[in-house]
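As structure tokens, the structure follows; a few thoughts come after it.
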Amino acid sequence: MSTEVRVRIAPSPTGDPHVGTAYIALFNYVFAKKQGGKFILRIEDTDRARSTLESEEAILRALKWVGLGWDEGPDIGGAYGPYRQSERSAIYQEHAQLLVESGAAYPCFCAEARLEALRAAQRAEKKPPGYDGLCRRLDRGEARSKVAAKEKHVLRLAMPKEGETKVQDGLRGELVFQNATIDDQVLLKSDGFPTYHLANVVDDHLMKISHVVRAEEWISSTPKHVQLYQAFGWQAPEFFHMPLLRNADKSKISKRKNPVSLDYYQDSGFLPEALVNFLGLMGFSFGGDREKFTLAEMIETFDWQKVSLGGPVFDLEKLSWLNGLYLRELSTAQVIERLRNWRLSDEMLARMVPLVHERMRRLDEFIPQVDFFLRGDLAYGSALTDAIPKERDAAATAKVLVDLADELDNVRSWNPQTLEPVVRAFSEKIGWKTKELFMPVRIAITGVSASPPLFDTMNVIGKELVRRRLRQSAQLLR
RNA sequence: GGCCCCAUAGUCUAGCGGUUAGGACGUCGGCCUCUCACGCCGAAAUCCCGGGUUCAAGUCCCGGUGGGGUCACCA
């Protein structure tokens, strides 16, 4: 068996490129490079309702932006493709079939409603929720004929009900789980697509992944994965569960409490090398008192022993400081280059100029009018409180802004035409006249009461910055 | 609630049986300076609690407590 180190980052393309993805990608990448191994990108798009190609593209773009390139992936191929799970359905079906034949998995015909009722009952009795094994007890012949009759079903893992499952974690040692406490996980959904559990095990094995470096939130499902490896007769990879990035209140980092999209960091003018350095500071210590180090230097000194397990709070303030260190190190020419690649590109100018063109009398009025396009966070002074509609109060306005931020999060394709109906529908939903709603929103997003049309403005500023400003404004109003 | 993980200042961390518990962000004060920023100097602030083990415990063990994760036909 080959001893080559092969690791992967396996994002699910269901939203914006997440800072946590970059964080985990970083540790995979660094470990692979340190070992002279391969770093693989695999797209886990088995949730066909939520996965989009647009999101996949954004994730690839963002990972490239932070400088974590892959050796094999959906865009460049490789010896173990395809690297998009939606293109591997047949592989999962075959493997699932193997499990059914060996008795390690069984078809389950229970309807959603029954499962919900079951869970509700378990909750009421304060028992741990989980499948009750009804279909597991079905006669195998009967089950087979139901399947043959095309009855709608899923495939479940026939989890052993006795004994224990041991997980070897490279960071935490041996983790022991009582099998009786582990649920009969669904492996194959009724739409024929695999769940994460099946797909991830099958792919990791087929793609010869040697080390699984992933977030701590996966620990509790790892025994299921270990059971699957055993059922297939495969050797499990080594697991390394990294701590979770946290909000200031220590909960798992989330977009409600933190800018979480890599797009936000790019749009706000963070340098990718600073962001990567900062992510490296989360849970990893370089050695000595060094805090500033390059990716290459991190690779050189990387060692799992230097990884700590407490969940690190993601502190934008410290990231900004680090970013300043990098920024000041650049030459003037380099800064100009960075600015051009940021918001002073011809492309950005081409988007901004039409919006302020007719509002300008002289060229010198350009800069003040595009001010909010070029900023990260805004300074509002009293503008926000002044924008509270008559008949409404600060608290209500704050809530509206936050709710709108959430609403906008669901907007997939961000442009003036898609934004307008969303915001208008929102206005109706909350029972505010558009007249009442638009001014506080305008102020929150631009900081001023006179600006180009709202939706065009939002379009250029970008989703993440818009959402961030709405949230920040709400914060200030409270 | 069950299961699991974690625990050094507000935050990120060093420490791997004997240290005045080190560094960084942030905060406060000062210096530099036309202002600001940068830079420099300084200050306040930490070993969650209780038992063990040991001559000696932030460090090892156990138990609490606290925080977190997870309990989906989402990953």
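A note on names: the letters A, B, ... follow the listed sequences, proteins ahead of strands, and every chain is numbered from 1.
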From the options B:C73, B:C5, B:A24, select the nucleotide whose nearest atom is closest to the side chain of A:T195.
B:C73
Close N or O pairs between protein and nucleotides 1-4 of chain B (under 3.5 Å):
none

Can you see whether A:F39 has A:K33 sitting over its ring - NZ or CZ less than 6.0 Å from the centre and within 45° of the normal?
no
Establish, for the pair A:K208 and A:Y80, whether the NZ or CZ atom is under 6.0 angstrom from the six-membered ring centre and no further than 45 degrees off its axis.
no
Between A:F31 and A:F27, is the gap from one ring center to the other below 6.0 Å?
no
Classify the nucleic acid contact of [X] as base, sugar-phosphate or nothing, counting any heavy atom under 4.0 Å across all strands shown.
| X | answer |
| --- | --- |
| A:R50 | base |
| A:P13 | nothing |
| A:D47 | sugar-phosphate |
| A:R246 | sugar-phosphate |

If you count every heavy atom of other residues, nucleotides or ligands that lies below 6.0 Å from A:R340 atom CZ, does the total exceed 12?
no
OP1 or OP2 of [N] less than 4.0 angstrom from a side-chain nitrogen or oxygen of [X], does that happen here?
| X | N | answer |
| --- | --- | --- |
| A:K224 | B:U70 | no |
| A:K250 | B:U11 | yes |
| A:K189 | B:C74 | yes |
| A:S285 | B:A14 | yes |

A:L281 CG to B:U13 P, in whole Å, measures 8 Å
Between the side-chain atoms of A:E291 and the base atoms of B:G23, is any donor-acceptor pair under 3.5 Å?
yes
Donor-acceptor check, side chain of A:R123 to backbone of A:P129, threshold 3.5 angstrom: yes or no?
no
